[in-house]
Every structure is written in structure tokens, then in C-alpha cells.
Amino acid sequence: MRQIIVGNWKMNGTARLAAGQAEILREAAPGLVCDLVLCPPATLIAALVARLAGSAIGVGGQDCHSAASGAHTGDIAAGMLAEAGARYVILGHSERRADHGETDAMVRAKAAAARAAGLTPIVCVGENEAEQLAGRAEAVVVGQLAASLPEDFSGTIAYEPIWAIGTGRTPTPEDVIAMHRAIRACLAERFGVAGRAFPILYGGSVKAANAREILALPEVGGALVGGASLDPAEFLAIARAARPPDR
Ligand code: PGA
């Protein structure tokens with residue numbers, strides 16, 4: 001399976017950045033052995049989709065509401081993202097969980113809504129530093145997975161240790177392998193054959209300098225890239241470090 005490199009622009013980016021990225025990435029994409037997905041702020045989705053038309057590069061949202069419509073000022077329904085041309089949506093990012101009090105149950109409802117709208121959810125899980133130091137990382141992540149995925153889940157998981165996001169710190173390769181294996185075991189146990197195929201991305205301080213090592217690890221299906229995705233040269237260097245699919 002091809003690895004997926006997802007750019008999470010967070011609350012960054014302008015129409016100008018989107019235009020520049022689209023031009024550089026659409027030219028480079030045919031030569032890559034991985035798939036690319038860009039998740040800009042919602043205001044830029046439609047413009048980015050238009051600029052990427054005819055390319056294989058996907059566009060995604062960074063969150064959606066669990067309801068299809070209604071009195072939810074400021075929120076965006078999954079169907080609205082789909083109508084704007086998005087094919088993916090990041091859900092349960094640790095910044096949403098921290099800033100907006102999103103619980104596993106809310107993430108689960110959002111993932112179900114995303115599926116209903118035809119979007120591929122990218123569900124984020126990850127332990128914080130205290131949990132990691134206490135040796136509870138795996139238990140925390142397994143618990144989040146169990147509670148954040150709906151029964152009919154189909155999509156992508158992103159393992160993002162919170163202490164590695166935006167800090168320049170990353171887990172050891174052994175820790176990434178162990179966690180990705182633990183996640184795979186949970187998915188396979190719960191979703192059977194389908195669960196063996198859901199991509200598991202690593203996220204947290206992925207840069208051109210460490211991408212090759214991380215993307216070579218077993219069970220790493222790609223990367224969720226924050227800060228480094230705002231620089232198209234850096235993002236492309238990460239994409240070029242992807243492992244070619246097994247034949
Ligand atoms: P980072 O962010 O690459 O800047 O560490 C990753 C993320 O939060 O998705």
C-alpha cells in the first residue's frame with residue numbers, strides 16, 4: 001500500500017500559500033511513491049481543491065461536527081466539507097481535544113458523521129508526557145482507540161504523542177514500532193481483515209531530516225505533518241522519503 005503524507009496546516013495559511021503549494025506539489029506528485037493530502041483551514045479548502053483539480057492530491061478538513069446540520073454556530077458539518085471538495089477530515093487532534101474539550105465519544109460521533117458524508121476520517125490518538133513517563137502510553141492509546149472509533153469505522157489512524165507535537169522531539173524508533181504494532185493489533189481484533197489494512201500514520205515533529213527513518217518503520221503507513229507542511233520544499237522532501245509500496 002502507498003504511504004500517505006498528510007499536511008496539517010492548523011490555523012495557518014493564506015490563499016497565496018495555498019496557490020504556491022498547489023503549483024509545486026501538483027507538479028511533483030506524479031513522481032512520488034506516496035499519496036499526498038493537504039488539510040488547510042476550512043476557508044481555503046474549495047480554492048485548494050480547484051487548484052489541485054486533475055491531480056491525485058487529496059484535500060481534507062481539520063475537524064467536523066457530528067451533526068449533519070443545525071444550530072451550531074461556527075461549526076462545519078462533514079457534508080459541507082465534502083461539498084467543498086474535501087475527501088478527508090482530521091478528527092480528535094490533540095489540539096481539538098485540549099482547546100475544545102473534545103472527548104473520545106465526540107470523536108467517535110464525528111467519525112461516524114464523516115463516514116456518512118463519504119469522507120475518510122483521520123482519527124488522532126496519542127499520550128501526553130506524564131502518561132508517557134508513567135509507562136502508560138500504550139494503555140492510554142488503546143483506550144482512546146477503543147472509544148473514538150465507531151462500529152463501522154473505516155479510515156486512517158494517526159498516532160501523535162502529544163509531547164512530540166511541535167517540540168522537535170520524537171519517540172525512539174522502537175517506541176514507534178511498539179505503538180504502531182499495538183494499534184494494529186487493536187484494529188485487527190476489532191475490525192478483522194479491514195482493520196489490518198487501515199493506514200496508521202505517525203505524527204509529531206516529522207521533518208525532512210527524520211522522515212526517512214520514521215517512514216521506514218514497520219506498520220508506519222505515512223505521516224501527519226504539522227509545522228513542516230507549511231514549507232512546500234520541506235513537505236516535498238518528507239514525501240520523497242516515503243517507502244515505496246511492497247510489490
Ligand atoms: P508537528 O505537528 O509536525 O508540527 O509536530 C503535527 C500535528 O500536530 O499534526
Side-chain angles (χ1 to χ4, degrees), residues 1 3-6 8 10 39 60 62-63 88-112 114-115 120-192 194-206 210-211 213-226:
M1 214 157 60
Q3 290 188 315
I4 311 168
I5 309 297
V6 182
N8 173 11
K10 308 191 179 187
C39 298
Q62 299 176 8
D63 174 49
Y88 298 81
V89 61
I90 298 171
L91 295 175
H93 188 282
S94 58
E95 287 151 17
R96 301 280 323 166
R97 291 177 187 259
D99 297 354
H100 299 272
E102 289 191 8
T103 61
D104 290 336
M106 288 161 76
V107 175
R108 178 187 166 108
K110 288 172 184 231
R115 291 294 304 152
T120 298
I122 302 171
V123 174
C124 302
V125 291
E127 81 284 0
N128 65 28
E129 183 147 38
E131 292 161 343
Q132 199 251 346
L133 291 173
R136 296 185 49 235
E138 200 172 301
V140 166
V141 167
V142 164
Q144 285 177 334
L145 263 188
S148 301
L149 303 183
E151 285 318 314
D152 65 342
F153 180 77
S154 173
T156 298
I157 305 298
Y159 167 55
E160 298 203 302
I162 297 170
W163 52 270
I165 294 176
T167 60
R169 295 160 58 204
T170 52
T172 64
E174 293 72 28
D175 284 351
V176 173
I177 293 170
M179 187 63 85
H180 280 240
R181 287 201 167 130
I183 293 171
R184 176 63 70 211
C186 290
L187 295 175
E189 189 184 332
R190 184 157 165 208
F191 301 103
R196 276 190 261 278
F198 300 151
I200 306 169
L201 314 183
Y202 168 79
S205 294
V206 176
N210 60 19
E213 183 183 24
I214 292 169
L215 291 168
L217 300 174
E219 293 292 2
V220 171
L224 180 52
V225 184

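Small disclaimer: the values here were computed from a predicted structure and weren't measured.
Taking R115 as the reference, P121, S154 meet the side-chain contact (heavy atoms from CB on, under 4.5 Å) condition, with sequence neighbours excluded. Among residues two or more places apart in sequence or in another chain, the ring-ring contact (aromatic ring centres under 6.0 Å, His included) test is passed with F198 by F153, F191. Judged as a side chain to side chain donor-acceptor pair (under 3.5 Å), and not counting sequence neighbours, the contacts of S148 are R97, D104. With sequence neighbours left out, R184 forms a salt bridge (charged side-chain N to carboxylate O under 4.0 Å, His left out) with E219.
Between S94 and I165, the closest heavy-atom pair is OG-CD1, 3.3 Å. Here the shortest heavy-atom pairing between T170 and A164 reads CA-CB, 4.4 Å. Contact between A211 and V206 at its shortest, heavy atoms only, is CB-CG1, 4.2 Å. In plain terms, the two heavy atoms of V107 and G92 that are nearest each other are CG2-CA, 3.6 Å.
Annotation: side chain of L224 is in contact with side chain of I90 (closest heavy-atom distance under 4.5 Å). No side-chain heavy atom of I157 sits less than 4.5 Å from a side-chain heavy atom of P199. With a 4.5 Å cut-off on side-chain heavy atoms, S205 and W163 do not count as touching. Residues I200 and T156 are not in side-chain contact: their nearest non-hydrogen atoms beyond the backbone lie 4.5 Å or more apart. Within the 4.5 Å cutoff, no side-chain heavy atoms of H93 are placed close to those of D63. Residues L145 and V123 form no side-chain contact, since every pair of their non-hydrogen atoms from C-beta on lies 4.5 Å or further apart. Counting only heavy atoms from C-beta outward, the side chains of L201 and V220 never approach each other to under 4.5 Å. Using a 4.5 Å heavy-atom threshold, the side chains of V141 and I183 count as touching.
Ring orientation note: the planes of H180 and Y159 are nearly perpendicular, at an angle over 60° on the 30°/60° scale.
Under the 3.5 Å distance criterion, the side-chain polar atoms of Q62 are left unmatched by any main-chain donor or acceptor of V89. Put simply, the side chain of H100 never gets that close to the backbone of E102: no donor and acceptor are under 3.5 Å apart.
Atom-to-atom distance recorded for I177:CD1 and I214:CD1 is 11.5 Å, nearest 0.5 angstrom. Within the model, atoms CG of L187 and CG of L149 stand 6.5 Å from one another, a figure rounded to the nearest 0.5 Å. Atom CD1 of I4 and atom OG1 of T120 lie 8.0 Å apart (nearest 0.5 Å).
Residue pairs satisfying the salt bridge (charged side-chain N to carboxylate O under 4.0 Å, His left out) criterion with at least one member in residues 121-146, sequence neighbours excluded, are listed as follows: E129-R169. Under the salt bridge (charged side-chain N to carboxylate O under 4.0 Å, His left out) criterion, the residue pairs touching residues 139-161 are R108-E151, E151-R190, with sequence neighbours excluded.
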Evaluation steps, side-chain contact (heavy atoms from CB on, under 4.5 Å), between L91 and C124: CA-CA 6 Å; L91 295 175; C124 302; over 6 Å; no
